[in-house]
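Worksheet: the structure to be examined is printed underneath.
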Amino acid sequence: MSTATESGVQHQPGVPHEPDARHRPGQDDLPHWAGAFPPGFLWGAATSSYQIEGAVTEDGRGPSIWDTFSATPGAVERGDTGAVAADHYHRYRDDVAMMAGMGLGAYRFSLAWPRIQPDGTGAVNQRGLDFYRRLVDTLLERGIQPWPTLYHWDLPQPLEDAGGWPARDTALRFADYAAVVHDALGDRIPNWTTLNEPWCSAFLGYATGRHAPGRRDPAGALRAAHHLMLGHGLAVQAMPGAQVGITLNLTDVRALTHQALDVDAARRIDGMQNRLFLDPLLRGAYPTDVMDDLLPLGRPDHIRDGDLRTISAPLAFLGVNYYSPMLVAASDTAQEHAYPGSPKVRIADGGRPKTAMGWEIDADGLLALLVRLNGEHPSLPLYVTENGAAVDEGLRDVTRVGYLESHIGACAQALAIGIDLRGYFVWSLLDNFEWSFGYRHRFGIVHVDYATQRRTLKDSAHWYARLIRGRTR
Ligand code: IFM
């Protein structure tokens, strides 16, 4: 049984009401552009396996690089791990009911490779696949489109032990895993995403060591970036008939000044953050200026004939994760950052309000990015697959509401000028494990009390539900 509130949000048994309805945004708060989204526009929310599932040793799941990394002293704040996280593995039914109550049309989640192939190769663990079968069926029963990502950073530890993403074989193993998952679930799911944010996997994981597996090997990070994209291309081949896309964390890179050195700094960062991934995927070639920047790290002899043809298989869509623009400038001294080959570049402060992550809030950057992508690749359908804010305001998350309003407003503008934007996923449905920050930062539109696992809708969740219902009524 469920009960409707005046905001249209259904509350399911086991899903608590928020404490005070008086401050909730109502119909009058809907922005003027709310009606601009076409019917069929996909409204969703996103999560990822290691950040919410918990149950890391259950039903045959093997260890991932994030289990190992978070058990390493000093790697994650306060020693937090994803061992329990938001306990979604056990609570997925209530979570899906909550999503249905909010009117979500799609749920973006990732599958944990080590649940499905605990060794990263060979034997398939049916109990791991069964979890995702149950999740997908529950979503479909509720009319919510499953939007799965095959890889959101939780590499099976045995594959890291065998060389990780810097090793070419990992790309081949990824394609095998993709085939297993597609065979099991392909009849129920039309749209698949191979990778989430390969930039993070490669450069935070293998260059700065801020993410699992915690290696500091810039040349290895470059090999990892290539093998991630090769894995993507091989996975496309391994999922015949599927609509396959990829999600990249892209941004609008701006030079601090018009001076040549700052402009060159912006070129370099745009090259590493955006073009190093976009160009192989969409043009079948690496950007030559970026390859020149990277030459001091060694010759790219890991790139083999035919790889770029595999990587540039036609994409059904591009997923865009956008949080903040980047302002960059030349630096006199070498900086520690995640951009190998360009040490004398610094990230500057644009003086805008910031989220709790210290990320500047600027929705114009999202619009600029969508305009650029559409200009360069006019026939490529786009989805904003992540966008959201970490704020420490509890249930009255006025800053997050403002963030979502301005960024979804940017999406409305993009649609108004004819950009083929087909959906928007807020990051994140639930408060969750924010990687090396542990549980310090809260991205959820739904609050999670980690002691009790009680879920409570924040104002942003009510606002988003109102927006969706305002659109779909
Ligand atoms: O939490 C992450 C997510 O896993 C990937 N994209 C960015 C989010 C916020 O940092």
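Every number for a ligand or one of its atoms is a count from 1 in the order of the listing. Numbers here simply count residues along the sequence, with the first being 1.
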Compute the minimum heavy-atom distance from Trp359 to ligand 1 and say whether it is under 4.0 Å. yes

Does an N or O from Glu197, backbone or side chain, lie closer than 3.5 Å to an N or O of ligand 1? yes

When the ring centroid of Trp427 is compared with that of Tyr323, is the distance short of 6.0 Å? no

Looking at ligand 1, does any of its N/O atoms fall within less than 3.5 Å of an N/O of Ser48? no

Does any N or O atom in Asn196 lie less than 3.5 angstrom from one in ligand 1, N or O only? no

So which bit of Phe437 gets within less than 4.0 Å of ligand 1, heavy atoms only: side chain, backbone, both or neither? neither

Nearest non-hydrogen protein atom, atom 7 (C) of ligand 1: Glu386 OE1, 3.2 Å

Could you tell me whether Asp94 and Arg454 have a side-chain N and a carboxylate O separated by less than 4.0 Å? no

Considering the heavy atoms of Glu434, write down every atom of ligand 1 situated less than 4.0 Å from one of them. 1 (O), 2 (C), 9 (C), 10 (O)

Closest contact, heavy atoms only, Leu467 versus Ala34: CD1-CB, 3.7 Å

Ligand 1 N/O within reach of Asn432 N/O, cut-off under 3.5 Å: no

Using distance alone, with no hydrogens and no angle criterion, decide if Ser70 and Tyr50 have a side-chain donor and acceptor under 3.5 Å apart. yes

Can Glu53 and Ser49 be counted as having a side-chain donor-acceptor contact under 3.5 angstrom? no

So, Arg455 and Asp431, do they make that salt bridge, N to O below 4.0 Å? no

Ignoring angles and geometry beyond distance, decide whether His152 reaches within less than 3.5 Å of ligand 1 through its nitrogen or oxygen atoms. yes

Salt bridge or not for Arg133 and Asp137, using N-O below 4.0 Å? no

